[in-house]
K.L.:
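Sharing a structure with you now.
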Protein chains: 2
Amino acid sequence: MTDGTSYPQDGGAVSVLVVDDHPVVRAGLLALLSVQPGLRVVGEAGDGEEAVQLAHELAPDVILCDLRLGEGPDGVDVTRAVRASGADRAPAVLILTTYDHDADLVRAVEAGAAGYLLKDAAPTAIVSAIEASARGETLFGPELTERVVATMRVRRAELSARELEVLRLVADGLSNREVARTLFVSEATVKTHLNHVFGKLGADSRTGAVATARAAGLLD
Amino acid sequence: MTDGTSYPQDGGAVSVLVVDDHPVVRAGLLALLSVQPGLRVVGEAGDGEEAVQLAHELAPDVILCDLRLGEGPDGVDVTRAVRASGADRAPAVLILTTYDHDADLVRAVEAGAAGYLLKDAAPTAIVSAIEASARGETLFGPELTERVVATMRVRRAELSARELEVLRLVADGLSNREVARTLFVSEATVKTHLNHVFGKLGADSRTGAVATARAAGLLD
DNA sequence: CCCGACCTCAACCCTTCGGTTGATCCGTGC
DNA sequence: GCACGGATCAACCGAAGGGTTGAGGTCGGG
């Protein structure tokens, strides 16, 4: 991604690495940020692996990273990899997301993201968020925090891997018997898992559980 | 023009109106398209009303329009308004969408859209799509057509207003009794509606019906 | 005017689901 | 070792969901 394009040098500016799998969005961020005097886009990546590699090579101040990156590692993985690299000045990771109800947002924050932005945010908001995170500040969107907290609440009632597996199949419309056959377990086991899910999600029916799980972003 | 065929004027460049509610995406499209020799971006809009107004004022060859535009009219409404204006050379509308399984896509095509693009499409694909639609061609994505056809099939099995109303409540996790109370009808009526839904969607359970309806984009 | 589509409701029957209790087995961690 | 949580299963029961038939009402189009 850094092949033919050359990025200007500038000692005092905040260096930014732009990561997004959509070429259009990448171009848009590039266009918006490149005209900002205090910022300097030093590179761009279209997937998670490229992002991590460029993060090491370029050591930017801030990484502006989409949460979902198509195939392979996502924004959470990138965040974890960058923050866990143990560098003295690990880049601050600013997560971009389309949906404010994304459950992965919580995972991103837990992984060490400095903050998150909605994709329809105003350009000025994006710029100030980048500058803030470059100063080491952790920022949270205004009305988003409550949503994250709400999601946290559901997340705290962590579903086990098996429970989530069952719930996904139920969400696809399978009956208990079909789920049992799919997972090679007895119908009783499926019912037990589902009862645990009901308790954890505060639901009292399969459709109710699917509804709240979907609202919390546990499915997708 | 004795043969009745009309080609874009003004030095051969195709005039484009960019419509998207996300400033970032608008900037990206602008950046990508403005460097194309055969294209000329004559305007941009951030919502549906602005788009329709600018479409009349600027009379562009092509309108590149996001399907979802936040509040107010969406891409389908814009398409309908522009195509139904009865102008001699109504602009071709090219719909942008994030999801290839969007049921509104069908509505957009029915409303007279020239084609549709995924937002993660390559810049070259976007450019060639714009040029093709400027020539009056109707284009469909390669693997997307089958999805649209599949959606069409479900859409043909049109749900009545009441059936859809019941299904939405079921999708929210309500029981038959709760749905009945919400809609001020008897539980028997709810069951009847649901049975009709099952038949039309080819499902055999409430969760199954919700799953297929969601896959077809009937909910949202 | 009658037909069809939609909305409404009832009675019946069978299946599935939801709730409970209790049990075994296997890992992880103190 | 023991406790704990997760995964697995069994048996049971009442409640809810699903399937069928039948029937009454309204409304718009041929």
K.L.:
List for me each residue that meets side-chain contact (heavy atoms from CB on, under 4.5 Å) alongside R168(B), sequence neighbours excluded, and say none if there are none.
P.N.:
L164(B), L219(B)
K.L.:
Take atom NE2 of H193(A) and atom P of dC9(D), then tell me their distance rounded to the nearest Å.
P.N.:
8 Å
K.L.:
Can you tell me if the side-chain N/O atoms of R206(A) get under 4.0 Å from OP1 or OP2 in dC17(C)?
P.N.:
yes
K.L.:
Once side chain to side chain donor-acceptor pair (under 3.5 Å) is applied, do any residues pair with E49(A), and if so which ones, sequence neighbours excluded?
P.N.:
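With neighbours one apart ignored, the set is empty.
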K.L.:
L194(A) has an atom CG; how far is it from atom P of dG6(D), in whole Å?
P.N.:
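The answer, rounded to whole Å, is 16 Å.
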K.L.:
Mind checking what makes salt bridge (charged side-chain N to carboxylate O under 4.0 Å, His left out) contact with R26(B), not counting sequence neighbours?
P.N.:
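With neighbours one apart ignored, the set is E44(B).
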K.L.:
Test of understanding: with side-chain contact (heavy atoms from CB on, under 4.5 Å), list the residues that count as partners of P60(A), not counting sequence neighbours.
P.N.:
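Result, side-chain contact (heavy atoms from CB on, under 4.5 Å) vs P60(A): S15(A), L17(A), V42(A), L58(A), I63(A), P91(A).
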K.L.:
Enumerate the protein-to-nucleotides 10-15 of chain C contacts in which both atoms are nitrogen or oxygen and the separation is below 3.5 Å.
P.N.:
none

K.L.:
Between H196(A) and A203(B), which is nearer to the 5' end of DNA chain D once each is assigned its nearest nucleotide?
P.N.:
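The residue whose closest nucleotide sits nearer the 5' end is H196(A).
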K.L.:
Have a look at the helix from dC1(C)-dG30(D) to dC30(C)-dG1(D) and give the angle its two end axes make, five pairs each, rounded to 10 degrees.
P.N.:
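It comes to 40° between the two terminal axes.
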K.L.:
Once you round it to whole Å, what is the distance between C1' of dG6(D) and CG of L159(A)?
P.N.:
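Rounded to whole Å, this separation is 13 Å.
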K.L.:
Rounded to the nearest Å, what distance is computed from the CZ atom of residue F198(B) to the P atom of nucleotide dG17(D)?
P.N.:
10 Å
K.L.:
Does a side-chain N or O of T189(A) approach OP1 or OP2 of dA7(D) to a distance below 4.0 Å, or not?
P.N.:
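No, no such contact exists.
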K.L.:
What is the distance, rounded to the nearest whole Å, between atom CZ of F184(A) and atom C1' of dA7(D)?
P.N.:
17 Å
K.L.:
Base, sugar-phosphate, or nothing for S160(B), non-hydrogen atoms under 4.0 angstrom?
P.N.:
sugar-phosphate
K.L.:
What is the nucleic acid contact for S175(B), judged by heavy atoms within less than 4.0 Å: base, sugar-phosphate only, or nothing?
P.N.:
sugar-phosphate
K.L.:
Shortest non-hydrogen contact from P23(A) to A121(B)?
P.N.:
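Nearest heavy atoms, P23(A) then A121(B): CG-O, 3.8 Å.
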K.L.:
Test of understanding: with side-chain contact (heavy atoms from CB on, under 4.5 Å), list the residues that count as partners of Q53(B), not counting sequence neighbours.
P.N.:
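Result, side-chain contact (heavy atoms from CB on, under 4.5 Å) vs Q53(B): E57(B).
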K.L.:
Quickly work out the D204(B) CG to dT20(D) C1' distance and round it to whole Å.
P.N.:
16 Å
K.L.:
With the side chain of N195(B) defined as its heavy atoms from C-beta on, choose the nearest nucleotide among dG18(C), dG19(D), dT8(D).
P.N.:
dG19(D)
K.L.:
Can you tell me how far P of dG17(D) sits from CG of L174(B), to the nearest Å?
P.N.:
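The answer, rounded to whole Å, is 10 Å.
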K.L.:
Just so I know, are the side chains of L29(B) and L64(B) near enough to count as touching, which here means a heavy-atom distance under 4.5 Å?
P.N.:
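They are in contact (side-chain heavy atoms under 4.5 Å apart), so the answer is yes.
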K.L.:
Are any of N176(B)'s side-chain N or O atoms less than 4.0 Å away from OP1 or OP2 of dG17(D)?
P.N.:
yes
K.L.:
Holding to side-chain contact (heavy atoms from CB on, under 4.5 Å), I want the full list of residues that pass it with V127(A), two or more places apart in sequence or in another chain.
P.N.:
L33(A), Q36(A), L39(A), E131(A)
K.L.:
Less than 4.5 Å apart, any side-chain heavy atom of V62(A) and any of V93(A)?
P.N.:
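The answer is no; the side chains never approach within 4.5 Å.
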K.L.:
Which nucleotide sits closest to the side chain of K200(A): dG17(D), dG6(D), dG18(C)?
P.N.:
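So the side chain of K200(A) is nearest to dG6(D).
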K.L.:
Round to the nearest Å and state the distance from L183(A) atom CG to dG6(D) atom P.
P.N.:
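One finds 18 Å between P of dG6(D) and CG of L183(A), rounded.
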K.L.:
List the atom pairs, donor and acceptor, that lie under 3.5 Å between side-chain atoms in residues 187-196 of chain A and the rest of the protein, sequence neighbours left out.
P.N.:
from, atom 1, to, atom 2, distance (Å)
T189(A), OG1, S186(A), OG, 3.3
T192(A), OG1, A188(A), O, 2.9
N195(A), ND2, K191(A), O, 3.1

K.L.:
Restricting to salt bridge (charged side-chain N to carboxylate O under 4.0 Å, His left out), what partner residues turn up for E163(B), sequence neighbours left out?
P.N.:
K200(B)
K.L.:
For N176(A), what residues pass the side chain to side chain donor-acceptor pair (under 3.5 Å) criterion, not counting sequence neighbours?
P.N.:
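Expected list: R206(A).
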K.L.:
One character per nucleotide, please: for nucleotides 23-30 of chain C, 5' to 3', B when the base has a protein heavy atom closer than 4.0 Å, S when only the sugar-phosphate does, - otherwise.
P.N.:
--------
